[in-house]
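Taking it in order: structure first as C-alpha cells, then the write-up.
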Amino acid sequence: MIKKVILLPGDGIGVEVTQAAVKVLNCVCEMFGLPLELQECLVGGASIDAHGIPIEDEVLAACQEADAVFLGAVGGPKWDRLPQDRRPEIALLRLRKELGLFTNLRPVKVFEALLNSSTLKPEVIENIDILIVRELTGGIYFGQPKFTEVLNGEERAVDTMEYRTSEIERIARVAFDAARSRRKRMHSVDKANVLVTSQLWRKTVDRISTDYPDVTLEHMLVDNCAMQLVRNPNQFDVLLTENMFGDILSDEAAMITGSLGMLPSASLGSEVGLYEPVHGSAPDISGKNLANPLAAIGSIAMMFRYSFEMEDAAQRIEQAIQNLLNAGITSFDLGTGNRILGTIEMGEEIINEMQAFFLPYI
C-alpha cells in the first residue's frame, strides 16, 4: 500500500533538515519495498510570503488525507512583528488542533558517545532515557478568551489557561500505557499549589492511576521538575505534562543530550501523525549547512514506528544514528567528534551506514 507523506519544510534550517530527513525516508522505503508518495507544501513564514497566511486550507486538507506529515520548522525574526493571527507559529497550532494531535511524544536519550557534549557532568546524565508525554491541544496555547486591549490608558493582554477532565484523562492514559511498557515509573508535572487547572489535573491523574496499579505515580511541581532535570535526571522514566510546561521542560531536557538538534518528536491522536524535530528555525545558521539533522532523521524513525507500524525500520534508523556517533561522526552543534559534518553530509552518512550494515528487507 502506498504511503502518502506531506512535507512541510517551513522556514530557516527547517528546509535543510527536511532535505536530509527525506533522503533517509526514501532510502528506508526502498530497502523495505514500501511505495511512497511525497507532496511538499508551504507552511509558516514561507506560506506568509507566498500567500499572506501561515497555512492554506488546501494544505490542511492535504495533511488530513495523508498517512503522515513531516514538519521542518517555522518562524523567524522576519515575521515577528506580524499580528498574532498571522504569525508563522499559528500554522503549527492549527495543524495540531485540526488534526486532533493531542499527544506529543518527545524521547530524551543520551548517547554514550555524546556524554561530553552536554554541559552536565557525564556521571549525571549517563544512561538517561526519558519519554516526555505532553498534552498538545489544550491549556494556555488554545484557551479562550485571548486578546489585548487598552484599559485605563494602558495595554492589557489576556491568555486563558483551561483544561477539561476529558482532555486530562486521555493524555494521562497515553502516559500510563507508555510507562507500563517501559520501567513502570511516571511523574505527573503540574503547579497544583497555585493553579486550579493543575489541581484538576492532579485529581484526574490520581483517579486514572487506579487503573494502573503496576505503575508508580509521583506528582511533581513544575519548578521542582525543572531543577530535578538538571540535578538528577536519572530518576525520571515517563514525564506527563500539560502543554506549556511540556514545551519548556522538553527544551530543557534536550540540553541533557547535548543539543536541541538531537530531539525528535511525534504528535499523535488521530489517524495522521505529525513528526518534527524539536528545534526551531535557527535563522542565524540557516543556509550554511551547519544544522544538525539527527532530530529530523530521528523523527522519521518515529514515523515508521507510529504511523507505518514498522518497528524494524525505525530501529534501523536509530541504530545507524548510534553507530555514527560511536564512530565519532557528529555535527557542529555537538562540538566533539573525530569528524564534524554538515547537514547534507550527515544525512548521507546515515544512509551509507544503513546500506553498509543492513541487508534489504526480503
Side-chain angles (χ1 to χ4, degrees), residues 3 5 7-9 13-34 36 38 40 68-73 106-115 117 129 254 257-266 273 275-279 282 285 288-308 310-361:
K3 297 296 183 182
V5 177
L7 304 175
L8 305 174
I13 65 169
V15 176
E16 297 165 76
V17 299
T18 297
Q19 290 173 351
V22 169
K23 289 181 180 178
V24 174
L25 173 61
N26 280 319
C27 173
V28 176
C29 285
E30 183 177 343
M31 291 174 66
F32 280 77
L34 180 68
L36 181 66
L38 299 176
E40 185 172 319
V69 178
F70 181 88
L71 177 87
R106 296 189 171 185
V108 181
K109 183 176 181 180
V110 175
F111 292 92
E112 185 175 355
L114 299 182
L115 284 175
S117 294
D129 184 1
T257 71
S259 170
L260 266 174
M262 293 301 298
L263 235 66
S265 78
Y275 302 87
E276 59 178 312
V278 169
H279 61 69
I285 61 170
K288 299 179 181 180
N289 196 36
L290 296 176
N292 183 349
L294 293 184
I297 293 170
S299 298
I300 294 295
M302 297 184 79
M303 181 186 295
F304 278 101
R305 174 170 291 122
Y306 294 109
S307 284
F308 300 165
M310 297 173 62
E311 179 62 25
D312 190 25
Q315 290 185 13
R316 291 189 182 196
I317 297 172
E318 291 165 348
Q319 187 63 54
I321 292 173
Q322 182 168 320
N323 289 351
L324 252 64
L325 296 174
N326 288 343
I329 300 174
T330 60
S331 52
F332 291 92
D333 57 318
L334 297 171
T336 183
N338 302 326
R339 293 173 58 199
I340 298 179
L341 302 181
T343 313
I344 297 171
E345 292 77 18
M346 180 65 81
E348 291 173 348
E349 284 293 331
I350 292 289
I351 292 173
N352 292 338
E353 184 70 20
M354 288 189 298
Q355 291 175 336
F357 288 91
F358 298 116
L359 294 175
Y361 179 75

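Contact check for D312 versus F32: side-chain heavy atoms found under the 4.5 Å cut-off. Looking at heavy atoms from C-beta onward, I350 lies in side-chain contact with L294 at the 4.5 angstrom threshold. The side-chain heavy atoms of T257 and V108, taken from C-beta on, include a pair separated by under 4.5 Å. In this structure, the side chains of E353 and I329 stay at 4.5 Å or more apart for every pair of heavy atoms. Within the 4.5 Å cutoff, no side-chain heavy atoms of V28 are placed close to those of M303. Between K3 and S307 there is no side-chain heavy-atom pair separated by less than 4.5 Å.
Counting non-hydrogen atoms of other residues, nucleotides and ligands closer than 6.0 Å to CD of E112 gives a total of 12 or fewer. Counted within 6.0 Å of NZ on K109, heavy atoms from surrounding residues, nucleotides or ligands total 12 or fewer; the atom is thus considered open.
Closest non-hydrogen pair, P264 versus G298, comes out as CB-C, 3.5 Å. Of all the heavy atoms in A113 and N326, the pair that sits closest is CB-OD1, 3.8 Å.
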### Task
Assess whether side chain to side chain contact (heavy atoms under 4.5 Å, CB included) is satisfied between T330 and L114, documenting all intermediate values.
CA-CA 9 Å; T330 60; L114 299 182; 4.1 Å; yes
For this session: Applying side chain to side chain contact (heavy atoms under 4.5 Å, CB included), run through V24 and M354 and close with a yes or a no.
Result: CA-CA 9 Å; V24 174; M354 288 189 298; 3.8 Å; yes
Problem set entry | Check against side chain to side chain contact (heavy atoms under 4.5 Å, CB included), I321 and F111 | CA-CA 10 Å; I321 292 173; F111 292 92; 4.2 Å; yes
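To the nearest 0.5 Å, atoms CD (Q315) and CE (M310) are separated by 12.0 Å. In this structure, the separation between CG on L325 and OG on S117 is 8.5 Å, given to the nearest 0.5 Å.
Pairs of residues two or more places apart, or lying in two chains, never qualify as side chain to side chain donor-acceptor pair (under 3.5 Å) while including a residue from residues 17-26. Screening residues 317-330 for salt bridge (charged side-chain N to carboxylate O under 4.0 Å, His left out), with sequence neighbours left out, gives R305-E318. Screening residues 324-348 for salt bridge (charged side-chain N to carboxylate O under 4.0 Å, His left out) gives R339-E349 as the qualifying pairs, with residues at least two apart or on separate chains.
With sequence neighbours excluded, the residues that form a side-chain contact (heavy atoms from CB on, under 4.5 Å) with F332 are L290, I340. Under the side-chain contact (heavy atoms from CB on, under 4.5 Å) criterion, A295 pairs with P277, H279, sequence neighbours left out. For F304, the ring pair (Phe, Tyr, Trp, His ring centres under 6.0 Å) partners are F308, not counting sequence neighbours.
E16 places a side-chain N or O within 3.5 Å of a backbone atom of N289 that can act as its donor or acceptor partner. Without hydrogens or angle criteria, S299 side chain to Y275 main chain gives no donor-acceptor distance under 3.5 Å. The main-chain N or O of V17 is never found under 3.5 Å from a side-chain atom of T343 such that the two would form a donor-acceptor pair.
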